[in-house]
Participant: 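What follows is a single structure, and I will ask about it in a moment.
Throughout, a chain's letter reflects where its sequence line sits, starting with A, and its residues are numbered from 1. All values below come from the heavy atoms of this structure, side chains included, with hydrogens, waters and symmetry mates left out.
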There are 2 protein chains.
Amino acid sequence: MTAAQIARDVIDRLESGGFAPGQRLVEADLCLRYAAGRQIIREALQHLNALGIVALEPNRGAHVVHVSREDAIMTLELTELLFGLVSRSAARRIAAGADASRLDAAIDELMQSSQSDDRALYMRARRHLFGALSQIAGNAELSRIMDQVRVHAMRAQFGFADFRKGHAQELAEIGHTVMAGDSANAEEQARKYVRSIREALQQL
Amino acid sequence: MTAAQIARDVIDRLESGGFAPGQRLVEADLCLRYAAGRQIIREALQHLNALGIVALEPNRGAHVVHVSREDAIMTLELTELLFGLVSRSAARRIAAGADASRLDAAIDELMQSSQSDDRALYMRARRHLFGALSQIAGNAELSRIMDQVRVHAMRAQFGFADFRKGHAQELAEIGHTVMAGDSANAEEQARKYVRSIREALQQL
DNA sequence: AACCCCCGGATTGTCGACAATCTGTTGACA
DNA sequence: TGTCAACAGATTGTCGACAATCCGGGGGTT
């Protein structure tokens, strides 16, 4: 197993509650769990540290960082901006003739997975949708940032009740607006989508 | 020397032209340059990879990624949004009573260093100013993202003629608006500042 | 000359061992 | 009983060595 795969798995476990905030991540334990050498584990931990998911104190080891509600709200504020920008850029690109097939496929995948009970499947479909949007938007830097922020946004939402069916529908609609090349509406819909999540979180 | 310090130094060299885009970064060479073990060097390279500054191909080593003009322009688009958000948030926080002393000090440092001929000094002062703004804005996630994007924004501007004196003045004014707690104007000034750089770049 | 196989040098990837550091506990002492 | 220092166990940090992989060149064949 490579360091990137391990980091990915840790993130998945965070999103599904397998690792708790504040939990210590001891290298030796992870070595056993993933049957990997310490080198690989350290690499993965440093990657997670760069993503801001894990804190790495010298000689003290790694632990999952805690996300306060204020953090969550501000992360969603940031997500609103970025998701809006990505959607607008992608729509503009498509209007200019960019290939939309990957986005189309991602929308299908999302709608199908939202019917299933497999949460991991849905999460992956979601990732693919955002990935397709980022890719179409055509800026590597923006994609990179979006990837990072999305993980934090997922953590910010963690614990919410079932946000699946309705949100899948809403996301699909955003995808369709992007495919239609309507950049202004795509941005507004994307921002509204994130905003509604943030406001729900604020009223808790 | 720690991995973080080495990564910092590599970034500085990029900003001052010491490392060229596309240049290979061979571990053994860096070991000699920084008198460090390979472990440390690899750590630094992975950190730079996470920042999107160097590409890391398996078994092929690391090289400095190339920044196309389109990339630079879209990075500055992103920077405009983020710098605006940071400035607005910081101003709001200060209006609500947050401590502004660090920002005040950073503005002084910037103005002083802009008189000097030491480019590295000016760059550090700039970093401190943005750091102070991020810190006052009060969201760790946003700070993290800003740190990353700022490095890319610097690279995007690289090669520009002397952008120091006028820009230092403009940055200081933004800082003062933030300290006055005027969030709307702070955001607009910050965005305008980045926008003017982007537009100058577009007309090349 | 064009093509392909194979090899040597250079470089990266991984492992095991040891040193450095931290944490909690024990026991002496006021 | 409360405090402090030393110790033991656990954990992280670093080094050196070796294995795996890639790249360019040499020689043979068609």
Side-chain angles (χ1 to χ4, degrees), chain A residues 1-14 18-67 140 144 147-148 151 155, chain B residues 1-14 18-67 140 144 147-148 151 155:
Chain A
M1 229 180 178
T2 78
Q5 289 171 320
I6 293 173
R8 175 77 258 160
D9 186 77
V10 170
I11 291 174
D12 286 345
R13 281 172 197 275
L14 280 173
F19 285 136
Q23 178 170 347
R24 281 191 68 193
L25 298 175
V26 178
E27 293 178 5
D29 295 348
L30 299 176
C31 285
L32 293 179
R33 179 194 294 270
Y34 294 108
R38 271 184 63 208
Q39 201 101 214
I40 310 293
I41 297 297
R42 293 180 120 256
E43 219 170 282
L45 287 175
Q46 273 159 22
H47 187 212
L48 291 169
N49 178 59
L51 292 177
I53 295 171
V54 156
L56 220 51
E57 290 167 279
N59 289 314
R60 305 276 316 277
H63 63 91
V64 180
V65 305
H66 183 75
V67 182
R144 223 174 39 75
D147 274 354
Q148 294 184 25
V151 172
R155 293 194 71 199
Chain B
M1 230 182 178
T2 77
Q5 288 172 321
I6 292 173
R8 176 75 258 160
D9 186 76
V10 170
I11 291 175
D12 287 345
R13 282 173 196 275
L14 280 172
F19 285 136
Q23 179 169 348
R24 281 192 67 193
L25 298 175
V26 178
E27 294 178 3
D29 294 349
L30 299 176
C31 285
L32 292 178
R33 181 194 292 269
Y34 294 108
R38 270 185 63 207
Q39 200 101 213
I40 309 294
I41 297 296
R42 296 183 116 252
E43 218 170 284
L45 287 176
Q46 274 159 20
H47 187 212
L48 291 169
N49 177 60
L51 292 177
I53 295 170
V54 313
L56 221 50
E57 290 168 278
N59 289 313
R60 306 274 318 274
H63 63 91
V64 179
V65 305
H66 182 75
V67 182
R144 222 174 40 77
D147 274 353
Q148 294 185 24
V151 173
R155 292 195 69 200

Participant: Just how far, in rounded Å, is C1' of D:dC23 from NE2 of B:H63?
Facilitator: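 In whole Å, D:dC23 C1' lies 15 Å from B:H63 NE2.
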Participant: Which nucleotide span of DNA chain C, 5' end to 3' end, has atoms closer than 4.0 Å to non-hydrogen atoms of chain A?
Facilitator: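 Reading along DNA chain C, I get C:dT14 to C:dT23.
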Participant: If a pair satisfies side chain to side chain donor-acceptor pair (under 3.5 Å) and one of its residues is in residues 48-59 of chain A, list it, with sequence neighbours excluded.
Facilitator: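 Sorted pair list: A:E57-A:H63.
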Participant: Name the residue closer to the 5' end of DNA chain C, choosing between B:R60 and A:P58 according to the nucleotide with the nearest heavy atom.
Facilitator: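 That would be B:R60.
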Participant: CD1/A:I6 to CD1/A:I11 distance, rounded to the nearest 0.5 angstrom?
Facilitator: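 Here the rounded value is 12.5 Å.
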Participant: My understanding is that only one of A:T2, A:D29, A:D9 makes a side-chain hydrogen bond (donor to acceptor under 3.5 Å, both in side chains) with A:Y34; could you say which?
Facilitator: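 Looking at A:T2, A:D29, A:D9, the match for A:Y34 under the side-chain hydrogen bond (donor to acceptor under 3.5 Å, both in side chains) is A:D9.
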Participant: Check DNA chain C against residues 28-45 of chain A and give the residues with a non-hydrogen atom under 4.0 Å, in numerical order.
Facilitator: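 Residues of residues 28-45 of chain A that come under 4.0 Å of DNA chain C are, in numerical order, A:G37, A:R38, A:Q39, A:I40.
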Participant: Say you draw a straight line from CZ of A:R42 to CD of B:Q46; how long is it, rounded to the nearest 0.5 Å?
Facilitator: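 Going from the CZ atom of A:R42 to the CD atom of B:Q46 covers 11.0 Å.
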Participant: To the nearest 0.5 angstrom, please state how far the CD atom of B:E43 sits from the CD1 atom of B:I41.
Facilitator: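 The CD1 atom of B:I41 is 10.0 Å from CD of B:E43, to the nearest 0.5 Å.
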Participant: Indicate yes or no for a side-chain donor-acceptor contact from B:R144 to the backbone of A:A50 under 3.5 Å, with no hydrogens or angles considered.
Facilitator: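 Yes, B:R144 side chain to A:A50 backbone: donor-acceptor pair under 3.5 Å.
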Participant: Side chains of B:D147 and B:L51: does their closest heavy-atom pair fall under 4.5 Å?
Facilitator: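 Result no, sub-4.5 Å side-chain heavy-atom pair not found.
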Participant: Hey, could you give me the CZ/CG distance between A:F19 and A:L25, rounded to the nearest 0.5 Å?
Facilitator: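 With rounding to 0.5 Å, CZ (A:F19) is 6.0 Å from CG (A:L25).
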